[in-house]
S.K.: 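Questions regarding the structure given below will be posed in turn.
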Protein chains: 2
Amino acid sequence: MTSDGTVGKALEVLDQVAAYGRPVRFSEVLAASPFPKPTLYRFLQTLTNQRMLAYDPDRQTYSPGVRLVRLAHAAWEQSTLAPIARPHIDALSAAVGETVHLAQLDHAQVLYIDKRNANNPVQMFSQAGKVGPAYCTGVGKVMLAFSDPAIIEAVIEQQSFHRFTAATLTTPAALRAELSAIRANGYGFDREEHEPGIICVAMPIVSDAGRVLGALSVTSTTSRTNLAGLESYVPILQDTASKIARDAQSWSFPDYDAKEQTGR
Amino acid sequence: MTSDGTVGKALEVLDQVAAYGRPVRFSEVLAASPFPKPTLYRFLQTLTNQRMLAYDPDRQTYSPGVRLVRLAHAAWEQSTLAPIARPHIDALSAAVGETVHLAQLDHAQVLYIDKRNANNPVQMFSQAGKVGPAYCTGVGKVMLAFSDPAIIEAVIEQQSFHRFTAATLTTPAALRAELSAIRANGYGFDREEHEPGIICVAMPIVSDAGRVLGALSVTSTTSRTNLAGLESYVPILQDTASKIARDAQSWSFPDYDAKEQTGR
DNA sequence: AACCTAGTTTCATATAATGAAACCAAGGTG
DNA sequence: CACCTTGGTTTCATTATATGAAACTAGGTT
């Protein structure tokens, strides 16, 4: 499952370095790596030559390289909902005057694809590209809820439930119950499950064929409003989601959660 | 020079696919690829399994995958000037009320890292991650001007000068003259060299050690102002650039244009 | 000077990549 | 309907490449 030859291993190393969130030394990576010293060394060297990693000779540290930013630009424009959703999200943001998120499901994790912040100007990658857990975010739960049962089970299986706040759902049973409630409702909430004081309404974006393309959410704080207040945004969210789905339809769209092509 | 074993070749394929700017079929890639059919096929398959590419089974097309967006988030935060520059750019943007760009030099090309648009909200990757030619943009020219002479020559060497507008510099000689004028001045302009009606002032961000870290620019249109008008922003640009350089200094920083580590 | 520790290089071996050729599946086209 | 053609996929013997144990080197420490 975890191995596509040399290339797969190299990308595994790349992921590992990126996961630190800060420049790392060779020995740190080595300690956490399944690869022996010279193998890892050569991978890091190759990735650096390829500018997938950047190497700081003074501090002797590696960090993700700029080439990724360039490639991601292409990915974001071609392979995400963002360009299609943009006008609709702009309209939504203007109408509700709260923070709006657009997310997709990537490999059992929530990947934020775009964001609108009514007040201060948008902070670019600082939000887009960010990942979060699926089981304790509004967008994560609604996307999961409308996913294929097999996928749901797979995600629950491999999920390690971490308690972020008092309200975090921390058992498979609790999550399953929540998901079926969401399915019944058509949308979901984040009830301070990830961060205290932060609440949101989330709406899935589903294609005609019933496939989950992504999700939208409107986020606010308990000091400004409450769940009932957020619920009033449901109609406009629904409207926005269906417009995005419609546009995506005509554009046609890659299948992200396609299973491995064959696996040799 | 162009080969780091299998991984390098796979990344070459990834770049190629990303370069199309649209989903591509296998045969299209094959036609433009140095690799024989089965080899290319396996690379695409591997990259798809790794979610570096997304495959649309209906249209049988490949496009850059979402995993890149995730990785790029880390790269943007750790390996670019953007997080350090953010507050300064915010201030600059508020002060001048025009579009502000932050760019770095990546492999002889201009890579836009961040953007502030006074009026409409920021469009995320739609600008960050975008690349442009160095010889006919304000930021490109100022970064080049203060780069190592060897790098300048290398860039000029491999540059294919395309005429975008009547004002585009299209010969090595013209560019060399412009660069030394910029060195004398400390900053540079884009005189509608890339797009008619679009002009800008650009300021390099240089470290104490004299290394070019990136560049800033304020962009406007000929209908709103002229070069003299833009020149009035030079003091604040200079101030912003030096503040960013100072902050970068203390943070310390990877060396992007480091030459290949050894090359086996 | 002896002794770590972190990073780099060697080299025989095992493994994985390679690509010519064959194969398969759709669409044509006569 | 039989016969191509085009575009994509699989096989498999060959070759090139990755691998990792061990040896080595350069800075720091004691």
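The structure displayed is predicted, hence computed values, not measured ones.
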S.K.: Between P on C/dA6 and CZ on A/R59, what's the gap in Å once rounded to a whole number?
M.R.: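 Rounded to the whole Å, the gap is 18 Å.
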S.K.: Identify, with sequence neighbours excluded, every residue that meets ring-ring contact (aromatic ring centres under 6.0 Å, His included) alongside A/H194.
M.R.: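 Scan of A/H194 (ring-ring contact (aromatic ring centres under 6.0 Å, His included), adjacent residues dropped) gives A/F164.
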S.K.: Atom CZ of B/R42 to atom P of D/dT11: distance rounded to whole Å?
M.R.: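 The answer, rounded to whole Å, is 12 Å.
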S.K.: Using the test side-chain hydrogen bond (donor to acceptor under 3.5 Å, both in side chains), find all partners of A/E153 that sit at least two apart in sequence or belong to another chain.
M.R.: A/R176
S.K.: OP1 or OP2 of C/dG7 versus the side-chain N and O atoms of A/R25: is any pair under 4.0 Å?
M.R.: yes
S.K.: Is B/S27 close enough to D/dG8 that one of its side-chain N or O atoms is under 4.0 Å from OP1 or OP2 there?
M.R.: yes
S.K.: Rounding to an integer number of Å, can you tell me how far A/L47 CG sits from D/dA18 P?
M.R.: 12 Å
S.K.: In this structure, how many angstroms lie between the P atom of C/dT8 and the CD atom of A/Q45, rounded?
M.R.: 8 Å
S.K.: Just checking B/P36: base, sugar-phosphate only, or nothing, at a heavy-atom cut-off of under 4.0 Å?
M.R.: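 Here B/P36 touches the backbone only, sparing every base.
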S.K.: Which nucleotide, C/dA20, C/dT8, D/dT9, lies nearest any side-chain atom of B/P38?
M.R.: C/dA20
S.K.: Starting at CZ of B/F43 and ending at C1' of D/dT17, how long is that distance when rounded to a whole Å?
M.R.: 12 Å
S.K.: Nearest-nucleotide wise, let me know which of A/V7 and A/K37 is further upstream toward the 5' end of DNA chain C.
M.R.: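 Looking at the nearest nucleotide for each, A/K37 comes out on the 5' side.
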S.K.: Would you call the rings of A/Y62 and A/Y55 parallel, tilted or perpendicular if under 30° counts as parallel and over 60° as perpendicular?
M.R.: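 Judged by the thresholds at 30° and 60°, the geometry between A/Y62 and A/Y55 is tilted.
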S.K.: Can a side chain N or O of B/Y41 be found less than 4.0 Å away from OP1 or OP2 on D/dG8?
M.R.: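 No.
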S.K.: Whole angstroms only, please: what is the CD-P distance between A/E28 and C/dT5?
M.R.: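 Answer to the nearest Å: 17 Å.
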S.K.: Can you measure B/L40 atom CG to D/dT9 atom C1' for me and round it to whole angstrom units?
M.R.: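 Result: 13 Å.
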S.K.: Rounded off to whole Å, could you give me the CG-to-P distance for the B/N49 and D/dT9 pair?
M.R.: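 Roughly 13 Å, once rounded to whole Å.
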S.K.: Could you check whether any side-chain N or O of A/W76 sits under 3.5 Å from a backbone N or O of B/V69, counting only pairs where one atom can act as donor and the other as acceptor?
M.R.: no
S.K.: Less than 4.0 Å between a side-chain N and a carboxylate O, is that true for B/D15 and A/R70?
M.R.: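 No.
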S.K.: Between A/Q60 and A/T6, which is nearer to the 5' end of DNA chain C once each is assigned its nearest nucleotide?
M.R.: A/Q60
S.K.: Hey, does B/T39 reach any base, or is it just sugar-phosphate, or nothing, if we go heavy atoms under 4.0 Å?
M.R.: base
